[in-house]
Asker: 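One structure is given below, represented as structure tokens, and several questions about it will come after.
Computed from a predicted structure; not experimentally measured.
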Amino acid sequence: MAGKVFLGNDFKVLLGDGNSPATFTDMCAAVDFGSVGEEKPLVDITGYCDDGRAYRNGLADGVEIPLQLNYISGDATAKALYDAYKSDELVQIRITKKDDPLVSPDIPEYFEFLATVRAWNVSGAIGERATLTFTLKVSGSVLWVTP
């Protein structure tokens with residue numbers, strides 16, 4: 001196998017500050033980000049003289065992402081997501097690899113996107129850890145930056 005296979009805990013979720021260039025803060029409380037990606041709907045472009053259906057891709061639509069965090073009282077990144085929900089502001093998210101001593105930190109690989117925070121909820125079953133879940137919807141496209 002040519003490369004390293006990554007496990008879910010080899011990634012980290014970062015929250016941007018909205019500046020240009022952005023400064024990102026590690027969301028250390030994150031435990032799951034579901035999946036990140038895009039999907040293009042099929043557009044039927046069949047014409048009168050076609051012998052069969054013809055299609056092309058429509059505009060890419062980013063997926064909805066359930067971002068689950070451990071509930072930590074006073075966590076500034078969780079509060080920033082809640083504030084973005086209340087104010088209808090987009091948030092800047094980066095999914096990147098944790099530091100790997102075998103790879104130069106000067107050559108990052110990451111996924112980055114803007115998202116609207118569509119929903120949030122807190123749960124805490126007795127005897128279990130309390131979690132915050134934010135539902136993010138990608139707004140625009142997902143940028144995949146590779147070295």
Asker: May I ask you to test the E109-T96 pair for a side-chain heavy-atom distance under 4.5 Å?
Answerer: no
Asker: Can a side-chain donor-acceptor contact be found between T77 and T25 if the only test is distance below 3.5 angstrom?
Answerer: no
Asker: Hey, are the side chains of T131 and L69 touching, using non-hydrogen atoms and a 4.5 Å cut-off?
Answerer: no
Asker: Once you round to the nearest 0.5 Å, how far does CG of L132 lie from CG of D75?
Answerer: 8.0 Å
Asker: Among residues two or more places apart or on two chains, list those pairs meeting ring-ring contact (aromatic ring centres under 6.0 Å, His included) that have a residue in residues 122-147.
Answerer: F111-W144
Asker: Cluster question for you: counting only ILVMFWY and a side-chain heavy-atom cut-off of under 4.5 Å, with indirect links fine, are L14 and L67 together?
Answerer: no
Asker: Please go through I72's hydrophobic cluster and name the other residues, only I, L, V, M, F, W, Y counting, with side-chain heavy atoms under 4.5 Å joining them.
Answerer: none
Asker: Looking only at atom types and distance, does a side-chain atom of T46 sit under 3.5 Å from a main-chain N or O of A54, one as donor and one as acceptor?
Answerer: yes
Asker: Taking V117 as the starting point, is it possible to reach V31 by hopping between hydrophobic residues whose side chains are less than 4.5 Å apart?
Answerer: no
Asker: Transitively linked via ILVMFWY side-chain contacts under 4.5 Å: F24 with I93?
Answerer: no
Asker: Kindly work out whether a path of hydrophobic side-chain contacts (I/L/V/M/F/W/Y, heavy atoms less than 4.5 Å apart) joins Y85 to L114.
Answerer: no
Asker: At what distance, to the nearest 0.5 angstrom, does CG of L90 lie from OG1 of T116?
Answerer: 6.0 Å
Asker: Taking CD1 in I45 as the centre, count heavy atoms belonging to other residues, nucleotides or ligands within less than 6.0 Å. Is the count above 12?
Answerer: yes
Asker: Could you walk me through whether R118 and D88 pass the salt bridge (Lys or Arg N to Asp or Glu O under 4.0 Å) test, one step at a time?
Answerer: CA-CA 9 Å; R118 287 196 57 246; D88 293 324; over 6 Å; no
Asker: Quick one: salt bridge (Lys or Arg N to Asp or Glu O under 4.0 Å) pairs with a partner in residues 31-47, sequence neighbours left out?
Answerer: D44-R53
Asker: Can you name the residues that form a ring pair (Phe, Tyr, Trp, His ring centres under 6.0 Å) with Y55, not counting sequence neighbours?
Answerer: none
Asker: Does a side-chain N-to-carboxylate-O contact under 4.0 Å join R94 and D26?
Answerer: no
Asker: Between the side chain of K12 and the main-chain N/O of M27, is any donor-acceptor distance below 3.5 Å?
Answerer: no
Asker: Contact between F113 and I65 at the side-chain level, heavy atoms closer than 4.5 Å - yes or no?
Answerer: yes
Asker: Quick check for you: to the nearest 0.5 Å, what is the distance between S123 atom OG and Y71 atom OH?
Answerer: 12.0 Å
Asker: Could you work out the complete set of other residues in the hydrophobic cluster of Y110, with links drawn between I, L, V, M, F, W and Y side chains under 4.5 Å apart?
Answerer: L143, V145
Asker: Any chance you could measure T135, atom OG1, to E64, atom CD, to the nearest 0.5 Å?
Answerer: 6.5 Å
Asker: Quick one: list whatever passes salt bridge (Lys or Arg N to Asp or Glu O under 4.0 Å) with D83, sequence neighbours left out.
Answerer: K79
Asker: If you take all heavy atoms of A80 and L15, which pair is closest and at what distance?
Answerer: CB-CD2, 3.7 Å
Asker: Which heavy-atom pair separates G37 from V142 by the least distance, and what is that distance?
Answerer: O-CG2, 4.0 Å
